[in-house]
K.L.:
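Before anything else, here's the structure in question.
Note that the structure is predicted; figures quoted are calculated from it, not measured.
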Amino acid sequence: MPVARPEQQQPRVIAHVDMDCFYVQVEQRRNPALRGQPTAVVQYNDWKGGGLIAVSYEARGFGVKRSMRGDEAKRVCPGINLVQVPVARDKADLNLYRSAGSEVVAILASKGKCERASIDEVYLDLTDAAKEMLLQAPPDSPEEIFMEAAKSNILGLPSDASEKEKNVRAWLCRSDADYQDKLLACGAIIVAQLRVRVLEETQFTCSAGIAHNKMLAKLVSGMHKPAQQTVVPSSSVQDFLASLPVKKMKQLGGKLGSSLQDDLGVETIGDLLSFTKEKLQEQYGVNTGTWLWKIARGISGEEVEDRLLPKSHGCGKTFPGPKALKNSTSVKGWLDQLCDELSERIQSDLNQNKRIAQTLTLHARASKENERDLAKKFPSKSCPLRYGTGKIQEDAMKLFESGLQDFLESQNTGWIITSLSVTASKIFDIPSGTSSILRYIKGHSPAASPAIPDSSSVPEDPSLGDVP
DNA sequence: CTTGGTAACTTCC
DNA sequence: TGGAAGTTA
Ligand SMILES: Nc1ccn([C@H]2C[C@H](O)[C@@H](COP(=O)(O)OP(=O)(O)OP(=O)(O)O)O2)c(=O)n1
Ligand SMILES: [Mg+2]
């Protein structure tokens, strides 16, 4: 459940940047013949044509949706191009899209604090850069406004006026604006410049929201797409939130949002304003209650983290219906494949970023043989992560066996496995100073933190496996 | 195979 | 802690 953060008083300039139909753009760069065509990315295609995971704007015009099957997409859009996700080790391999995401992050990180929020989204804290611009080169002449910035959408300005771009240019250099709006205008110009650089250097378009906090920036980055940006002046916030359906707010898309609707009769964020902080805290606990009270007022103190890399690496696969795994031999085969991929990815992370993962976790889903929805709780298990593909495979299989024992203690019939995943987490930078290295070794050597609990075999080698 | 599949993040206890 | 649950891409 969401938690409120204390908010600083100084105005910040925050942007949320979200790539347009990202995987499709990655495939369109690989095969330019797909540009401008109705296109979707599908993974696998043997069952009903595969599942769509990204859809171009041309295809959306035909009603094609993510989560449609390939067959269904062909039905509503016979001319659609379906591009398959690469497959390696008999599973989807998303590395192409991860690399493309990193290209974008490298550019967006150049102007201030940057947080990788997902494979295709980042938050930027542009406060310092905006202040700098306001001091050194404030926008003052409508004609000289950077062209991409002049195409911004400004919440609260009429969006259908024939004079729209003129109004935007005027807003961006208003000399009678308050300080916050001036900072926001500078932020919009900086974001426009960054978006142009992303396009020039990667060939990818993106959209963005610019506001005084992450919540508002995120809400509007998707309002005008593709290849557009939207600004949220403080003066527009109240009206904007008043009519916003609760389910559109980040964190309210699931059970909490449904509870607001069903239990409190709240349909829009504005409806939340009629509840006291105490009432919301009573209903949802002090943390979530406070958070709800604040977001209803447009308040969000969450900071942009300075983090360009993911905090964990995982790989998994589902085995639906007839594909379910029915014995330890097939589980081992698949775990070996998953661990092979994971090992490669954490090894790259070590080589390229000098980061080490400390924990290996196995997740699985199981059912009773012949029964489809019952008895699904297969316990997740974790252990210290030892580098080297063979070690990871061995440890993951032990984790599985340990989980299977627990599982069988309650559900004692034939089992089937319907999904498996392995995750490497607790990833740290390798310290670079001599004394920190000593401290690091003392705290993290196998002797100090023994390997698999509850297992008969003893890990032998503290070395890092295939590190160069 | 009845909101897909593969990933990643946060919070709670 | 580790493990479960929830939310989102
Ligand atoms: N359920 C999902 C949602 C997204 N993605 C992947 C494919 C998307 O291309 C990428 C980014 O997700 P977005 O929600 O940002 O969607 P798009 O970037 O495809 O489109 P948009 O232009 O609406 O942002 O993440 C996925 O694999 N599964
Ligand atoms: Mg996107």
Side-chain angles (χ1 to χ4, degrees), chain A residues 1-5 16 18-19 21-23 40-54 65-73 84-89 91-95 97-98 101 115-123 218 221-222 247-259 284-288 291 302 305 307 309-324 338 341-342 345 358-365 367 372-373 376-384 399 402-403 406 418-427 449 453-454:
Chain A
M1 258 151 137
V3 168
R5 297 289 172 216
H16 179 257
D18 185 321
M19 306 308 293
C21 55
F22 186 48
Y23 292 9
V41 174
V42 296
Q43 60 191 351
Y44 315 124
N45 67 355
D46 54 325
W47 191 69
K48 302 190 176 180
L52 273 57
I53 58 177
K65 293 283 207 315
R66 169 156 46 225
S67 92
M68 276 182 176
R69 302 286 170 184
D71 293 351
E72 202 181 350
Q84 283 180 250
V85 171
V87 170
R89 303 174 186 84
K91 67 177 285 300
D93 179 349
L94 304 182
N95 283 330
Y97 312 113
R98 289 190 184 96
E115 174 181 334
R116 175 199 193 274
S118 81
I119 198 167
D120 91 321
E121 289 171 281
V122 310
Y123 289 96
K218 162 87 181 166
S221 65
K247 289 277 199 176
K248 301 265 198 228
M249 175 74 59
K250 186 163 184 265
Q251 302 296 313
L252 299 183
K255 297 186 177 184
L256 180 56
S258 298
S259 164
Y284 294 109
V286 57
N287 286 342
T288 300
W291 179 83
E302 192 190 339
E305 305 281 312
R307 186 174 55 76
L309 298 170
K311 290 181 163 179
S312 64
H313 299 289
C315 46
K317 181 160 181 63
T318 58
F319 307 95
K323 294 224 170 72
L338 295 171
E341 181 187 327
L342 185 66
R345 285 167 51 198
Q358 292 199 337
T359 302
L360 176 70
T361 305
L362 175 129
H363 292 267
R365 282 167 71 90
S367 302
R372 57 217 187 288
D373 214 50
K376 277 225 254 248
K377 295 280 101 92
F378 194 97
S380 67
K381 296 279 168 184
S382 57
C383 71
L399 292 174
S402 162
D406 294 3
T418 55
S419 88
L420 284 175
S421 75
V422 287
T423 300
S425 62
K426 299 191 170 58
I427 303 179
S449 54
D454 173 349

K.L.:
If you pin A:Asp120 and A:Met1 to their nearest nucleotides in DNA chain C, which one's is more 5'?
P.N.:
A:Met1

K.L.:
Considering only C:dA4, B:dC1, B:dG5, which nucleotide approaches the side chain of A:Pro322 most closely?
P.N.:
B:dC1

K.L.:
Could you state the atom-to-atom distance from CZ of A:Arg69 to C1' of B:dC1 in whole Å?
P.N.:
7 Å

K.L.:
Looking for any heavy atom pair under 4.0 Å, which part of the strands does A:Glu72 touch: base, sugar-phosphate only, or nothing?
P.N.:
nothing

K.L.:
Could you tell me whether the phosphate oxygens of B:dA8, OP1 or OP2, come under 4.0 Å of any side-chain nitrogen or oxygen in A:Arg307?
P.N.:
no

K.L.:
Indicate whether the side chain of A:Lys247 and that of A:Ser258 have a donor and an acceptor atom separated by less than 3.5 Å.
P.N.:
yes

K.L.:
If you check every side-chain atom of A:Pro320, which of C:dA5, B:dT6, B:dC1 has the closest atom?
P.N.:
B:dC1

K.L.:
Between B:dC12 and A:Asn287, is there an OP1 or OP2 to side-chain N/O distance shorter than 4.0 Å?
P.N.:
yes

K.L.:
Want to settle it: does A:Trp47 or A:Gly316 sit nearer the 5' end of DNA chain B, counting the closest nucleotide to each?
P.N.:
A:Trp47

K.L.:
With the side chain of A:Glu341 defined as its heavy atoms from C-beta on, choose the nearest nucleotide among B:dG5, B:dA7, C:dA5.
P.N.:
B:dA7

K.L.:
When you measure from the side chain of A:Lys91, which nucleotide among B:dC12, C:dG2, B:dT6 comes out closest?
P.N.:
B:dT6

K.L.:
Atom NZ of A:Lys323 and atom C1' of B:dG5: how far apart are they, to the nearest Å?
P.N.:
12 Å

K.L.:
Pick base, sugar-phosphate or nothing for A:Met249, based on heavy-atom distances below 4.0 Å to the nucleic acid.
P.N.:
sugar-phosphate

K.L.:
Could you report the tightest heavy-atom contact between A:Ala54 and A:Tyr23, atom names first, then the distance?
P.N.:
CB-CB, 3.8 Å

K.L.:
Rounded to the Å, how far apart are A:Leu252 CG and C:dT7 P?
P.N.:
9 Å

K.L.:
Ignoring the backbone of A:Pro310, work out which of B:dA8, B:dC12, C:dG3 is nearest its side chain.
P.N.:
B:dA8

K.L.:
As a quick check of understanding, evaluate side chain to side chain contact (heavy atoms under 4.5 Å, CB included) for A:Asp120 and A:Asp18, giving each step before the final call.
P.N.:
CA-CA 6 Å; A:Asp120 91 321; A:Asp18 185 321; 3.0 Å; yes

K.L.:
Can you see which heavy atom on A:Ser419 is nearest to which on A:Phe319, and at what distance?
P.N.:
CA-CD1, 3.9 Å

K.L.:
Just call it for A:Pro379: base, sugar-phosphate, or nothing, with non-hydrogen atoms closer than 4.0 Å on any strand.
P.N.:
sugar-phosphate

K.L.:
Please report the distance, rounded to the nearest Å, between CZ in A:Arg98 and P in B:dC9.
P.N.:
11 Å

K.L.:
Nearest to the A:Leu256 side chain among B:dT6, C:dT7, B:dC1, which nucleotide is it?
P.N.:
C:dT7

K.L.:
Let's see if you can work this out: which of B:dA8, B:dG5, C:dG3 has an atom nearest to the side-chain heavy atoms of A:Ser382?
P.N.:
C:dG3

K.L.:
Check every atom of B:dC9, B:dT11, B:dA7 against the side chain of A:Ser312 and return the nucleotide holding the closest atom.
P.N.:
B:dC9

K.L.:
Using a 4.0 Å heavy-atom cut-off across all strands, classify A:Lys218 as base, sugar-phosphate, or nothing.
P.N.:
sugar-phosphate

K.L.:
Could you tell me how far B:dC1 sits from C:dA9 if I compare only their P atoms? Round to whole Å.
P.N.:
28 Å

K.L.:
Taking the nucleotide of DNA chain B with the closest heavy atom to each, which residue, A:Asp46 or A:Lys311, is nearer the 5' end?
P.N.:
A:Asp46

K.L.:
Choosing from C:dG2, B:dT11, B:dA7, which nucleotide comes nearest the side chain of A:Lys426?
P.N.:
C:dG2

K.L.:
Does a side-chain N-to-carboxylate-O contact under 4.0 Å join A:Lys65 and A:Glu72?
P.N.:
no

K.L.:
Separation of A:Tyr123 atom OH from C:dA9 atom P, in whole Å?
P.N.:
9 Å

K.L.:
Quantified in whole Å, what is the P atom distance between nucleotide B:dT2 and nucleotide B:dT6?
P.N.:
14 Å

K.L.:
Mind checking if A:Gly321 touches a base, just sugar-phosphate, or nothing, with heavy atoms under 4.0 Å?
P.N.:
sugar-phosphate

K.L.:
Side chain to side chain contact (heavy atoms under 4.5 Å, CB included) for A:Arg345 and A:Asn95? Distances and angles first, verdict last.
P.N.:
CA-CA 9 Å; A:Arg345 285 167 51 198; A:Asn95 283 330; 3.9 Å; yes

K.L.:
Roughly how many Å is it from NZ in A:Lys381 to P in C:dG2, rounded to a whole number?
P.N.:
12 Å

K.L.:
Nearest-Å distance, NZ (A:Lys250) to C1' (B:dT11)?
P.N.:
13 Å

K.L.:
How is A:Ile53 classified with respect to the nucleic acid when contacts are heavy atoms under 4.0 Å: base, sugar-phosphate, or nothing?
P.N.:
base

K.L.:
Just to be sure I understand the rule, does A:Gln43 reach a base, reach only the sugar-phosphate, or reach nothing, if contact means heavy atoms closer than 4.0 Å?
P.N.:
base

K.L.:
Hey, can you tell me if A:Tyr123 and A:His16 have their rings parallel, tilted or perpendicular (30° and 60° cut-offs)?
P.N.:
tilted

K.L.:
Go through C:dA9, B:dA8, B:dG5 for me and flag the one nearest to the A:Thr318 side chain.
P.N.:
B:dG5

K.L.:
So what does A:Arg89 hit on the nucleic acid, given a heavy-atom distance under 4.0 Å: a base, only sugar-phosphate, or nothing?
P.N.:
nothing

K.L.:
With a 4.0 Å cutoff (strictly under), does any side-chain N or O of A:Tyr44 reach OP1 or OP2 of B:dT6?
P.N.:
yes

K.L.:
Determine the contact category for A:Phe22: base if any of its heavy atoms lies under 4.0 Å from a base atom, sugar-phosphate if only primed atoms, P, OP1 or OP2 are that close, otherwise nothing.
P.N.:
nothing

K.L.:
Tell me, with the steps shown, if A:Lys311 and A:Ile427 meet side chain to side chain contact (heavy atoms under 4.5 Å, CB included).
P.N.:
CA-CA 6 Å; A:Lys311 290 181 163 179; A:Ile427 303 179; over 6 Å; no

K.L.:
Could you state the atom-to-atom distance from NZ of A:Lys255 to P of B:dT3 in whole Å?
P.N.:
15 Å

K.L.:
Tell me whether the OP1 or OP2 atom of C:dG3 has a side-chain N or O from A:Thr361 closer than 4.0 Å.
P.N.:
no

